[in-house]
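Reviewing the structure listed below.
The model shown is predicted, which means the values in this text are computed figures rather than measured ones. Residues take their numbers from the sequence shown, with the count starting at 1.
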Amino acid sequence: MPKLKTRRAAAKRFRATGSGKIFRRKAFKNHLLQHKSSERKHRRLSNIALVSPEDEDEVRLMLPYL
């Protein structure tokens with residue numbers, strides 16, 4: 001059986017927690033930050049987010065060794 005390839009784009013975006021859940025960074029905190037409020041940038045966009053259960057199977061297919 002050959003080795004499975006990892007989708008490199010997904011490998012850069014997702015990581016696993018210690019318990020095996022998958023987390024991701026939140027969107028909209030990369031650029032154009034001047035007009036966004038400090039509360040929005042700090043409280044809403046700073047936290048990592050877990051991948052939703054509906055999408056988790058798709059992410060696991062892209063990352064076979066995660």
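One hydrophobic cluster holds both Ile48 and Leu50 under the rule that ILVMFWY side chains link at heavy-atom gaps under 4.5 Å. With hydrophobic clusters built from ILVMFWY side chains whose heavy atoms lie under 4.5 angstrom apart, Met62 shares a cluster with Leu66.
The distance from the NE2 atom of His42 to the OG atom of Ser37 is 11.5 Å, given to the nearest 0.5 Å. Here the NZ atom belonging to Lys5 is positioned 11.0 Å from the CZ atom belonging to Arg7, to the nearest 0.5 angstrom. Between Leu63 atom CG and Arg8 atom CZ the span is 9.0 Å, to the nearest 0.5 Å. From Arg24, atom CZ reaches atom CG of Asp55 across 8.5 Å, with rounding to the nearest 0.5 Å.
Looking only at side-chain heavy atoms (C-beta outward), Arg60 and Ile22 come within less than 4.5 Å of each other. Glu39 has its side chain within reach of Arg44: a pair of non-hydrogen atoms, C-beta onward, lies under 4.5 Å apart. With contacts defined as side-chain heavy-atom distances shorter than 4.5 Å, the pair Tyr65/Leu4 qualifies.
A donor-acceptor pair under 3.5 Å links the side-chain atoms of Lys41 to the main chain of Leu33, judged by distance alone.
In terms of heavy atoms, Asn47 sits closest to Arg43 at ND2-O, 3.2 Å. Across all their heavy atoms, Ala27 and Leu45 have their closest contact at O-CD2, 3.4 Å.
Within 6.0 Å of CZ on Phe28 lie no more than 12 heavy atoms contributed by other residues, nucleotides or ligands. Shown here is Lys21, whose NZ atom has no more than 12 heavy atoms of other residues, nucleotides or ligands within 6.0 Å.
Side chain to side chain, Ser46 and Lys29 meet the donor-acceptor criterion of an N or O pair below 3.5 Å.
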